[in-house]
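Okay, structure first, notes after.
A note on names: the letters A, B, ... follow the listed sequences, proteins ahead of strands, and every chain is numbered from 1. When reading the values below, keep in mind they use all heavy atoms of this one structure, side chains included, and skip hydrogens, waters and symmetry mates.
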Amino acid sequence: MSNEERDAYIPSDVEGKWQSRWEELGINTFTREEIENAEDPFYNLMMFPYPSAEGLHVGNIYAFTGADVHGRFQRMQGRAVFEPIGFDAFGIHSENFALKRGVHPMDLIPSNIRNFTRQLKRTGGMFDWNHVVDTTHPSYYRWTQWVFLQLFKAGLAERKEAPVNWCPSCMTVLANEQVVGGACERCATPVEQRRIAQWFFKITQFAQRLLDNLGTLDWSDTTRIAQTNWIGRSDGARLRFPVLDAGGADTEEMVEVFTTRPDTVFGASYMVLAPEHPLVDRVTNDADRPAVLAYREEAGRKDMVARQKIDKTKTGVFTGGYCRNPATGEPIPVWIADYVLMGYGTGAIMAVPGHDERDFEFARQFDLPIVRVVAGPGDGADTPLDEAYVGDGTLVNSGDFDGLAWQEGKPRITAWLGERGMGDLEVNFRLRDWCISRQRYWGPPIPVIYCDACGPVGVPEKDLPVILPRVEDFKPDDTGVSPLARVESWYKTSCPECGADARRETDVSDTFLDSGWYFLRYPSTDFDDRPFDAQVTKKWLPVNTYIGGNEHAVLHLLYSRFLTMVLHDLGHLDFEEPFEVFRAHGLIIAEGAKMSKSKGNVVVPDPIIEEFGADTFRTYLMFLGPFRDGGDYRPEGIQGPFGFLHRLWDTALTAVDGAPDPDVERKLHQTIKQVTEQLPELGYNTAIAAMMEYLNAVRAGGRRATRAEVEPLVAMVAPFAPHVAEELWERLGHRESIFVGANWPGYDEAKTVSDTVNIAVQVNGKLRATVKVAKSTPESDVISASRADANVARYLEGATERKVIFVKDRLVNFVVS
RNA sequence: GCCGGGGUGGCGGAACGGUAGACGCGGCGGCCUCAAAAGCCGCUGUCCCCUGGGGCGUGCGGGUUCGAAUCCCGCCCCCGGCACCA
């Protein structure tokens, strides 16, 4: 074998060598002692994957690499970086796959996890394989059940019969979030409504805190805004409208409405109740009852797709009943219509067609009176409305309140009604309680036992985990109960309190509960007698940096925050926000669309790693666009980073001793500065570009690099291309791994500055020349040097100079006419 | 409809209000090699005279400024999310 052959860069050799070396050295992994005693701990978290049968895809690797670069960068600055990985393996996705393929999930998941593990190791992430979490393992879901019990004991888990979204194809209840446009997000079947007794977590009690804390978090703005919108605070009032009897006299009964525009109450010309509203029966006139009942039944039958169609014409029926408008004193008719939702506010509205688009449309449809109570600029009190007016203006036709800006009228009118007990300011949230019940098989059984005498009783913590039994027939049916309800031997038990015959809860919990606390478990996987150790948790949490996709901006992140807040309040944690810093990365796009099986544009990573190596692949992924924005995956693009690593290899191995070239050295310090500043901001693409530019400068004119020039570059490349950096680091004479100790290069600010600068010379803002002068050359000298340029002189000749703009070390602009 | 994020060469993308197009892909021409891989050198927004220049150029239309991809106003288009939330 010749020298040349031996020195060729063969990625697979280098990567195989260092992956085994890292494993031998245990440099990625912590022992329990290291976890307990680490100095300068840094918890670097990324969103754990669902281990699909298809294996790791490019999107996963993109996300993990971006987070891994961050972790390796922190580590090279001397911090003890804990970078765990795990598998979010429960849930409908794997269950449906298992059903389709006829494999039991208990067999499927372990083999998927093995495959993922193999792939993850191949990509060169510095995962702590000593602290892996698998949500389907009893040693994990034991504690998921424990979390449930904490909420249960605290009264924050509640069983109630509630209308739920039912997917007739998946035969399961769906969370609101799993309903997309009224259809099941998995199978696109229109969702129906069913009433089933479910377990809910009372997240709505925390709505305001979840909202308030957002202001204290260092999170991507997009994510914070998404959560704010999801929580959906709206400030308004609860107003009461007395129900009138057949003779038109007030009864004791009130229809309560929530409105954000109490100032428009004088314009409320009718009311609408949701079809399911409990007062519908009371209000309905006998003559109108058949029509009302028919409408209500039809609304109940309609699937969510049909009901949510916004562009459909509004439907509704008159109940024959009336309420009294508490502001005007006038009777107004009460209708029912399915554009009013039982799930928001009070399930009833006062309709102000003059100033609400939906009410306007409805009023037009059914010929109901439209009253103007807000006058915009140029409007009179009775200027007719041909559409709802929702802009600014002053109140009209509103009694004593005429002339007020509507914003002022809002508290004033509410207070006025409040004097008579007819109104109070109220805040409403869009956030719903979290339904965690799933009538499925593949999840952790909810640890509750039903006893005829004692009611629902939590499984005693000492009896956890409630093991999910292996059941061969786990296919859901349309009974609406979990397949576990068919396993009598499993669900028959005795009451932990009175010992009587009892029955287990047969529903399992939502996957979001598994992922809602996994970050608490990672550092404590060494402890099997507690969910998370107090000391270890104190040391490592909250998480320093969490990097993940914005598709989880709302649900996963909100549920994690909620559970952390609850565990804090219950005394289990001393912090209430789990993630100090959250950064959302973008999406990898291929052929103009998000990668998906249905589009057929999924890129399988293994062959690419096979051909180019993980280092090149990682560097390419980080280079193809700003990490926060994602980018286009184009197979040809990988040549750039591939060539870069090859050139780096050649340059490092042919480096000579000697003093660095001054120009190169300046460029080096500039590059270190730039890269060091950009990595914390996840500016990976520009950091890589800067390193490429530096390497080009080092090699310019075919010169050989000195060690001092190339060694810092090897270190800077290490977070992106860890294997090749290790190899070169070793070949440059280092005994220890580049990831042991603080090997991130420093820079000297003074050495980043050049002693000459190029000044742009403009005439009337157009570039006419550049002149090279010493740094900090005084204004007058720069200007005379600029005039001396022939091209500039050409433009100045015969023109009248109005003024000269001078920007030190940057530009001169002659303003002439 | 509402909320985010965008529109810059053939392509991915760079640009504290100050030399638009860094870096890379692709393309063209050349070198090295038995050959391939890897590597190296030069050119590469566009149009016009071509020594050196000049015109035009960052979705469209206005504005502010000595100077605008960047700031302001009004539009158009694309992507993602939410969607009858009162």
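Checking A/G701 against A/T770, the closest nucleotide of RNA chain B that is more toward the 5' end is the one next to A/T770. Mapping A/G637 and A/T260 onto RNA chain B via the closest heavy atom, the residue that lands nearer the 5' end is A/G637.
Side-chain atoms of A/H355 come within 3.5 Å of backbone atoms of A/V373 as a donor-acceptor pair (strictly under, hydrogens ignored). Between the side chain of A/D615 and the main chain of A/V724, a donor-acceptor pair closer than 3.5 Å is present.
If you take atom C1' in B/G7 and the same atom in B/G13, they sit 13 Å apart, rounded to whole Å. The separation of B/A14 from B/G45, taken at their C1' atoms, amounts to 15 Å, rounded to a whole angstrom. When the P atom is used for both B/G53 and B/G62, the distance is 32 Å, rounded to whole Å. Remark: the separation of the C1' atoms in B/C56 and B/G1 is 40 Å, to the nearest Å. Atom name P, nucleotides B/C32 and B/C41: the rounded distance is 15 Å, in whole Å.
With the 3.5 Å cutoff on both pairing distances, Watson-Crick and G-U pairs in RNA chain B assemble into runs of at least 3 at B:1-7 with B:76-82, B:10-12 with B:23-25, B:26-31 with B:39-44, B:45-49 with B:52-56, B:59-63 with B:71-75.
You'll find that the side chain of A/K803 is closest to B/C66, out of B/C3, B/G24, B/C66. The nucleotide whose nearest atom lies closest to any side-chain atom of A/F623 is, among B/G12, B/C85, B/A86, B/G12. When distances are taken from the side chain of A/F642 to each of B/G13, B/A83, B/A38, the shortest belongs to B/A38.
Distance check, rounded to the nearest 0.5 Å: NZ of A/K667 to OG1 of A/T752 gives 11.5 Å.
A syn base is found at B/G9: its glycosidic angle is within 90° of 0.
A sub-4.0 Å separation between OP1 or OP2 of B/C40 and a side-chain N or O of A/R699 is present. Proximity of A/R647 to the phosphate of B/C40: a side-chain N or O atom is located under 4.0 Å from OP1 or OP2. The side chain of A/R634 contributes no N or O atom lying less than 4.0 Å from OP1 or OP2 of B/C11. OP1 or OP2 of B/G24 has not a single side-chain nitrogen or oxygen of A/Y620 nearer than 4.0 Å. Applying the 4.0 Å criterion to OP1 and OP2 of B/G24, one finds that A/N696 has a side-chain N or O inside that range. Contact annotation: A/N791 reaches the phosphate of B/G54 (side-chain N/O to OP1 or OP2, under 4.0 Å). Side-chain N/O atoms of A/K766 include none lying less than 4.0 angstrom from OP1 or OP2 on B/G18. For A/R810 and B/G17, the shortest distance from a side-chain N or O to OP1 or OP2 is not below 4.0 Å.
Two rings, from A/F362 and A/W335, have their centers less than 6.0 Å apart. Separation of the A/F720 and A/F623 ring centroids does not fall under the 6.0 Å cut-off.
Base contact: A/I805 has a heavy atom under 4.0 Å from a base atom. Counting any heavy atom pair closer than 4.0 Å across all strands shown, A/Q639 reaches sugar-phosphate atoms only and no base atom. Contact annotation for A/L811: base contact, defined as any heavy-atom pair under 4.0 Å involving a base atom.
Going from atom CE of A/M595 over to atom C1' of B/C79 covers 16 Å, rounded to whole Å. Regarding A/L796, its CG atom lies at a distance of 14 Å from the C1' atom of B/C66, rounded to whole Å. Nucleotide B/G52 holds its C1' atom 14 Å from the CZ atom of A/R768, rounded to whole Å. Per the geometry, CG belonging to A/L587 stands 14 Å off C1' belonging to B/G4, to the nearest Å. Nucleotide B/C66 holds its P atom 17 Å from the CD1 atom of A/I783, rounded to whole Å. If you take CZ of A/R261 and P of B/A86, they are 12 Å apart, rounded to a whole angstrom. Going from atom OH of A/Y344 over to atom P of B/A83 covers 13 Å, rounded to whole Å. In this entry the distance linking OH of A/Y795 with C1' of B/G52 reads 12 Å, nearest Å.
With a 6.0 Å cutoff to the six-membered ring centre and a 45° limit on the axis angle, A/R430 does not count as a cation-pi contact of A/W230. Figure legend: cation-pi geometry between A/R768 and A/Y795, with NZ or CZ positioned under 6.0 Å from the six-membered ring centre and within 45° of its axis.
One N or O donor and one acceptor, one from the side chain of A/K314 and one from the base of B/C84, sit under 3.5 Å apart.
Within a 6.0 Å radius of CD in A/E636, other residues, nucleotides and ligands contribute more than 12 heavy atoms. Enclosure of atom CD in A/E797 is not indicated, since only 12 or fewer non-hydrogen atoms of other residues, nucleotides or ligands lie within 6.0 angstrom. In the displayed structure, A/E677 atom CD is contacted under 6.0 Å by more than 12 heavy atoms of other residues, nucleotides or ligands.
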